[in-house]
Amino acid sequence: MSDAVGAFSATLPELARGVYAWIQPDGSWFINNAGVITGPDGTVVIDTCTTAARTSAFLTAVARATDAQPVTNAVNTHPHADHTLGNCLLPESTTVIGHPDTRSAMLGETYLDSPPPFWNPPLPLDGLVARPPTLTCRGGLTLHTGDRVIELHHPGYTAHTTGDLIAWLPTERILFAGDLVFNRITPLALAGSLTGARRSLMWIRSFAPEIIVPGHGPVLTGAAQITRCLDDIDAYFAHVQDLADRGIRTGRQPLDMAAELDPAYRSWPDSERIALNLHRAYAEHGAAGFVFDRTAAFTDAMHLSGGPIPCCV
Ligand SMILES: [Zn+2]
């Protein structure tokens, strides 16, 4: 099924028999992708969505495509709100799986109690309660459903977050990458490591996937598309690291260096993430006297946006 669903223009293309991607345009802030793997033993979903409305649209499309097979398991690729806040709309009987750091980050997150003022309009969080994973796996886990194998893998180091999991279907050679991969949208390593994020791209290549479902942006099909996208992400992060190195050497702040972002990246959605990525890079490169602070990073990103960051979730 690939018809647009509801008000969100999202689609649910079938990538292989019983394997779907929930693709939400335009993939910018809080507009994520998710996955669906279904068979005679039920359905596994990879991530949920940010809001109740978007998650309801997703689960309605899932039920329609799967003949309402029960959703037995949900995998969270990482703890961020866009991939996990909708967990609470899953059936009670669904087991939510994630890395232990995803569970602890969700338990410590304050989005629902005091939504951060970083976006315009503020996030519509009505009807949501935190529902972190109750089954955690540190290195990996294999799900067997019908005759299908779904492998969950952690890269072994911090990348987009400390608790990233990918879902890999070795028979179909489909890889659900979570936010280790952004396709034509500014990548983000605020909560992780630019070095690790770059390293994880090599790790993803090592699976030799034929299809990658990125955390944001269109599905990647075939070696040429995959290589180009992963190369683009790597080049972006390398550029950010270079800006951070020069900024640290010359005593300039992340916001000053954000002004030197290569114009080629300014047309990518969410380009103000350069400030967030620079804050992480400064901390990671051990800039003297620099203390990482999420609010300070977002304050710089909002400065680049001319106010709270526009989002259309
Ligand atoms: Zn995301």
Side-chain angles (χ1 to χ4, degrees), residues 8 10 21-36 45-55 57-58 74-87 96 98-99 101-103 105-106 109 111-112 115-116 118-119 123-125 128 130-133 152 154-155 158-167 175-194 196-197 200-201 204 212-220 229-230 232-233 236-237 268-274 276-277 280 294 297-298 301 309-313:
F8 301 121
W22 179 245
I23 303 297
Q24 299 195 90
D26 60 1
S28 59
W29 280 107
F30 297 104
I31 303 177
N32 67 309
N33 296 331
V36 184
V45 298
I46 313 295
D47 286 332
T48 54
C49 307
T50 311
T51 65
R54 283 188 178 271
T55 301
F58 171 50
V75 176
N76 284 152
T77 58
H78 64 291
H80 289 161
D82 47 334
H83 301 259
T84 61
L85 281 183
N87 286 358
V96 180
H99 190 277
D101 288 0
T102 291
R103 177 177 166 81
M106 289 179 70
E109 184 51 78
Y111 264 70
L112 294 172
F118 305 141
W119 292 279
L123 302 180
L125 301 177
L128 299 171
R131 182 175 171 188
L152 308 181
H154 176 62
T158 298
H160 179 66
T161 68
T162 61
D164 301 303
L165 289 179
I166 61 158
L175 193 150
F176 293 88
D179 283 1
L180 297 180
V181 177
F182 289 77
N183 184 9
R184 296 189 171 278
I185 291 155
T186 306
L188 184 61
L190 178 74
S193 155
L194 280 76
S200 77
L201 300 171
I204 284 171
I212 291 180
V213 179
H216 297 257
V219 172
L220 295 157
C229 178
L230 301 188
D232 284 351
I233 298 169
Y236 172 83
F237 280 135
W268 286 7
D270 304 336
S271 63
E272 71 284 338
R273 286 178 178 164
I274 181 60
L276 307 177
N277 289 322
R280 174 52 63 193
R294 183 167 84 165
F298 271 104
I309 301 163
C311 83
C312 48
V313 71

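These numbers come from a predicted model, not from an experiment. Start at 1 and go down the list; that is how both ligands and their atoms are numbered.
- Aromatic ring pairs are classed by plane angle as parallel below 30°, tilted from 30° to 60° and perpendicular above 60°; the pair His99 and His154 is tilted.
- Every residue meeting the ring-ring contact (aromatic ring centres under 6.0 Å, His included) condition with His78, not counting sequence neighbours, appears here in chain and number order: His80, His83, His160.
- Residues forming a side-chain hydrogen bond (donor to acceptor under 3.5 Å, both in side chains) with Ser193 (at least two apart in sequence, or on another chain): Glu284.
- Below the 2.8 Å limit, the Zn ion (ligand 1) has as protein N, O or S neighbours Asp82 OD2, His83 NE2, Asp179 OD2, His216 NE2.
- Taking the ring-ring contact (aromatic ring centres under 6.0 Å, His included) definition, one finds that Phe237 meets it with nothing, sequence neighbours left out.
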When you look at Cys229 and Phe182, which way does the side chain to side chain contact (heavy atoms under 4.5 Å, CB included) test go after all the steps? CA-CA 8 Å; Cys229 178; Phe182 289 77; over 6 Å; no
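- Salt-bridge formation is detected for the pair Arg294/Glu109: a Lys NZ or Arg NE/NH1/NH2 atom is positioned less than 4.0 Å from an Asp or Glu carboxylate oxygen.
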